[in-house]
Amino acid sequence: MAGLGTANDDHGSDIKFVKVIDILSGKVSGRVAVRGWVYRHRSTGAVQFIVIRDSTGAIQTTLKKGEVTDEKFALAEKLHIESSVVVVGDVREDKRAPGGYEIAVRDLKPIHIGEPFPITKDMSEDYLLDVRHLWVRSREQNAVMKVKASVLKAAREWFNMNDFYEVTPPIITPSACEGGATVFAIDYFGNEAYLSQSAQMYLEALIFSLERVWSLTPSFRAEKSRTPRHIVEFWHLEAEEAWVGNGENMKIQEELLSHICQRVVEWNEKELAFLGRDVKSLRSIEPPFPRIKYDEAIEFLQSKGFSIEWGDDFGAREEKALTIEESMPLFIINYPKEIKAFYMKENPEDPRTYLCSDLLAPEGYGEIIGASERETDPNKLIERLKREGANLENYEWYIDLRRYGSVPHSGFGMGIERVVRWLCKLQHVRDAVPFPRTPSRYYP
RNA sequence: GCCGUCGUAGCUCAGCUGGUGGAGCACUCGGCUGUUAACCGAGCGGUCGCCGGUUCGAAUCCGGCCGACGGCGCCA
């Protein structure tokens with residue numbers, strides 16, 4: 001509780017500020033000071049109930065006529081929802097209070113009496129996106145942001161424990177990193193540059209110095225995708241590993257993701273409960289994850305009545321069917337070349353396919369990681385780029401990486417918001433971002 | 001890009017085959033000594049998305065446009 005400061009009560013002595021969660025968990029008692037925002041305000045005339053929230057939770061406070069001055073009582077009646085206040089009072093266990101504890105207020109100081117808060121009870125998804133700068137205060141957004149922070153913290157923790165260096169690839173790039181996907185162009189002192197869609201190629205360059213690297217960067221896709229799993233700007237966690245083949249690459253992914261799940265369970269039990277995610281299902285996420293070949297996935301889908309043939313890519317329906325009954329994430333390996341990117345390594349056992357994997361989240365949430373061993377033969381890369389009609393000049397430096405001590409290597413990219421969506425059981429990835437960017441929105 | 005749904009008070013919505021625009025919440029005022037998104041009474045609140053057409057008369061019928069949302073495709 002260091003650094004929370006103190007507030008003068010009406011007797012002139014200094015009272016320590018405490019966090020709401022420490023009251024609700026029974027850690028503190030007696031006279032306390034709390035600062036936060038008005039979450040609910042009810043009154044029966046002679047008793048006012050003001051629920052105050054801070055970043056840790058919400059607690060009911062009670063004001064009774066005669067226990068505070070008439071001026072303070074009248075002032076409290078004017079507090080709109082989301083007004084900021086400091087209260088001083090006595091912690092009391094009371095079954096009538098939500099959460100089991102309340103504060104009997106002795107003194108109350110408004111810091112700012114807010115204007116009427118625009119968000120009330122019936123709110124459309126549309127409207128909440130318009131007032132996102134205020135909706136981020138909601139319990140739901142608060143819980144999701146806490147889980148997301150844990151995901152990032154746990155990922156960094158795992159990489160640090162496993163000999164990876166965190167690196168900082170550029171966001172402004174001279175060309176698209178992946179063929180086909182649409183890029184945002186920006187004016188770069190009179191030339192055209194692009195916002196990064198993936199750090200992968202830069203990470204590939206860095207393994208020759210650091211061997212195992214990872215990065216967390218925003219990635220941008222200028223596609224007018226209208227689905228619950230797409231946003232224009234998303235946080236991309238990517239890793240690249242020298243001397244690692246496709247199999248070990250998958251081991252790294254499943255260990256990383258399992259660590260993230262275990263930590264989120266450990267750190268965010270309250271938030272997960274609020275979001276409706278049962279902790280058991282996440283606690284059981286442990287290596288190894290089941291893995292099936294693309295061919296087997298096709299056969300499975302055909303047996304389920306899908307009209308899909310070898311060579312077709314999986315759509316949302318197919319991904320859902322493959323994982324809706326699963327409780328573990330599922331690897332699908334060795335996709336046909338036609339539906340994957342040019343930089344993947346050919347599968348020596350079946351040259352029609354690549355040494356690659358997609359990791360699908362369980363319960364139908366779909367792809368959260370795309371991964372592969374990378375092609376090391378410069379001629380094969382040139383040949384594939386030519387076939388795609390790419391401008392080879394843009395890829396010269398990338399081909400160069402295969403000319404000076406090339407080594408086998410693999411890597412992957414994880415969509416952070418997709419992981420958070422799955423962990424928090426969200427309808428849409430945009431709810432895993434405080435200020436989502438979609439084709440139709442970039443405000444606020 | 002394709003398919004679908006919807007635009008009425010600050011918010012959520014009702015408004016029938018065309019005839020003087022409504023409710024709940026929020027807000028203001030009043031009442032209530034234990035409320036749980038408190039409750040009760042009153043008040044305030046409108047360019048019915050925009051443009052045009054039909055009609056004595058359009059929120060309502062017709063046409064066009066704009067915007068948002070939902071689903072598919074593309075992908076992390």
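Heavy atoms only: backbone and side chains are in, while hydrogens, waters and symmetry mates are out. Being a predicted model, the structure only gives us computed values, none of them experimental.
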Undergrad: Say you pick atom P in B/rG49 and the same atom in B/rC56; how far apart are they, in whole Å?
TA: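 Taking atom P in both B/rG49 and B/rC56, they lie 25 Å apart.
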Undergrad: Please determine if A/Asp431 and A/Arg421 form a salt bridge, counting it only when a charged side-chain N lies under 4.0 Å from a carboxylate O.
TA: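 Between A/Arg421 and A/Asp431 there is no salt bridge, as every charged N stays at least 4.0 Å from the carboxylate O atoms.
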Undergrad: Mind checking if A/Ala316 touches a base, just sugar-phosphate, or nothing, with heavy atoms under 4.0 Å?
TA: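 The answer is sugar-phosphate, as A/Ala316 gets under 4.0 Å only of primed atoms, P, OP1 or OP2.
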Undergrad: With P as the reference atom in both, quote the distance from B/rG43 to B/rU54 in angstrom, rounded to an integer.
TA: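 It works out to 42 Å between them.
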Undergrad: Please give the stem ranges for RNA chain B, sorted by first residue number, where a stem is three or more consecutive Watson-Crick or G-U pairs and both donor-acceptor distances are under 3.5 Å.
TA: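 RNA chain B stems, ordered by first number: B:1-7 with B:66-72, B:10-13 with B:22-25, B:27-31 with B:39-43, B:49-53 with B:61-65.
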Undergrad: Decide, yes or no, whether a salt bridge links A/Arg92 with A/Glu102 under the criterion of side-chain N to carboxylate O below 4.0 Å.
TA: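 Here A/Arg92 pairs with A/Glu102 in a salt bridge, since their nearest N and O are under 4.0 Å apart.
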Undergrad: Taking for each residue the nucleotide of RNA chain B bearing the nearest heavy atom, is the 5' side occupied by A/Ser124 or by A/His41?
TA: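 Closer to the 5' end of RNA chain B: A/Ser124.
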Undergrad: How many whole angstroms separate atom NZ of A/Lys121 from atom P of B/rU12?
TA: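 A/Lys121 atom NZ is separated from B/rU12 atom P by 13 Å.
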Undergrad: Tell whether A/Lys64 reaches the base of B/rG34 with its side chain through a donor-acceptor pair below 3.5 angstrom.
TA: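 Side chain to base: pair present.
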Undergrad: Check whether any side-chain N or O of A/Arg229 sits under 4.0 Å from OP1 or OP2 of B/rC72, and answer yes or no.
TA: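 No.
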Undergrad: Taking 4.0 angstrom as the limit, do A/Glu240 and A/Arg374 come out as a salt bridge?
TA: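 Looking at A/Arg374 together with A/Glu240, the answer is yes, because their closest N to O distance falls below 4.0 Å.
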Undergrad: Name the nucleic acid region contacted by A/Glu102, choosing base, sugar-phosphate or nothing; use a 4.0 angstrom heavy-atom cut-off, strictly under.
TA: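 The answer is base, as A/Glu102 lies within the cut-off (heavy atoms under 4.0 Å) of a base atom.
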Undergrad: Confirm from the modelled atom types if A/Glu125 and B/rG70 form a donor-acceptor pair under 3.5 Å, side chain to base only.
TA: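 Looking at the base of B/rG70, it does not pair with any donor or acceptor on the side chain of A/Glu125 (distance under 3.5 Å).
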Undergrad: Considering only the P atoms, how many Å lie between B/rC69 and B/rG53, rounded to the nearest integer?
TA: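 Between the two P atoms, the distance is 32 Å.
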Undergrad: Output the rounded distance in Å from CD1 (A/Ile50) to P (B/rU35).
TA: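 One finds 17 Å between P of B/rU35 and CD1 of A/Ile50, rounded.
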Undergrad: Check whether the side chain of A/Ser225 and the base of B/rC74 form a donor-acceptor pair under 3.5 Å.
TA: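 Present.
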Undergrad: Would you say the base of B/rA26 stacks on A/Phe117 (centre-to-centre below 5.5 Å, plane angle below 30°)?
TA: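 So A/Phe117 does not count as stacking on the base.
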Undergrad: Measuring only the C1' atom in each nucleotide, how far is B/rG19 from B/rG57? A whole number of Å is fine.
TA: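 Those two atoms are separated by 7 Å.
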Undergrad: Assess the residue pair A/Tyr294 and A/Trp310 against the criterion (ring pair (Phe, Tyr, Trp, His ring centres under 6.0 Å)); give the C-alpha distance rounded to whole Å, side-chain angles, the decisive distance to 0.1 Å, and a yes or no.
TA: CA-CA 9 Å; A/Tyr294 170 87; A/Trp310 199 94; 5.8 Å; yes
Undergrad: Which residue is it: A/Val34, A/Asp107, A/Val105? I am looking for the one with a side-chain contact (heavy atoms from CB on, under 4.5 Å) to A/Val88.
TA: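 Only match with A/Val88 under side-chain contact (heavy atoms from CB on, under 4.5 Å): A/Asp107.
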Undergrad: Specify the residue among A/Glu318 and A/Arg430 whose closest nucleotide of RNA chain B lies further upstream toward the 5′ end.
TA: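 Its nucleotide being nearer the 5' end, the pick is A/Arg430.
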Undergrad: With a 4.0 Å cut-off, would you call A/Lys72 and A/Glu77 a salt bridge?
TA: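 Result for this pair is no, no salt bridge flagged.
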Undergrad: For B/rG34 and B/rC29, measure between their C1' atoms and round to the nearest Å.
TA: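 My reading of the C1' atoms in B/rG34 and B/rC29 gives 24 Å.
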Undergrad: Whether the side chain of A/Gln60 and the base of B/rU35 hold a donor-acceptor pair under 3.5 Å is what I'd like checked.
TA: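 Indeed there is one.
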Undergrad: Taking B/rU60 as the reference, what is the distance to B/rG22 when you measure between their C1' atoms (whole Å, please)?
TA: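 After rounding to an integer number of Å, I get 15 Å for this pair.
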Undergrad: Verify whether the ring centers belonging to A/Tyr202 and A/Trp397 lie closer than 6.0 Å.
TA: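 Ring centroids of A/Tyr202 and A/Trp397 are less than 6.0 Å from each other.
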Undergrad: Give one of base, sugar-phosphate or nothing for A/Phe234, where a contact means two heavy atoms less than 4.0 Å apart.
TA: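 Counting heavy atoms under 4.0 Å across all strands, the contact made by A/Phe234 includes a base.
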Undergrad: Please report whether the ring centroid of A/Trp214 lies less than 6.0 Å from that of A/Tyr165.
TA: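 Centroid distance A/Tyr165-A/Trp214: not below 6.0 Å, so no.
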Undergrad: Assess whether one donor atom and one acceptor atom, taken from the side chain of A/His80 and the base of B/rC27, lie less than 3.5 Å apart.
TA: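 No.
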Undergrad: What contact category does A/Asp358 fall into here, base, sugar-phosphate, or nothing, at under 4.0 angstrom with non-hydrogen atoms?
TA: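 A/Asp358: no heavy atom of the nucleic acid under 4.0 Å.
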Undergrad: Sticking with atom C1', work out how far B/rC51 lies from B/rA42, rounded to a whole angstrom.
TA: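 Approximately 41 Å lies between the C1' atom of B/rC51 and that of B/rA42.
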Undergrad: Expressed as a whole number of Å, how far does the C1' atom of B/rU55 sit from that of B/rC74?
TA: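 Their C1' atoms lie roughly 49 Å apart.
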Undergrad: Tell me whether the side-chain N or O atoms of A/Arg92 pair up with the base of B/rG34 as donor and acceptor below 3.5 Å, since no angle test is needed here.
TA: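 Donor-acceptor pair under 3.5 Å: yes.
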Undergrad: So if I apply the side-chain hydrogen bond (donor to acceptor under 3.5 Å, both in side chains) rule between A/Tyr343 and each of A/Glu375, A/Glu373, A/Gln200, which one comes out positive?
TA: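 Result for side-chain hydrogen bond (donor to acceptor under 3.5 Å, both in side chains) with A/Tyr343: A/Gln200.
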Undergrad: Mark yes or no for a side-chain to base donor-acceptor pair under 3.5 Å between A/Arg226 and B/rC2, with no hydrogen or angle criteria applied.
TA: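 Between B/rC2 and A/Arg226, which were checked side chain against base, a qualifying N/O pair under 3.5 Å is absent.
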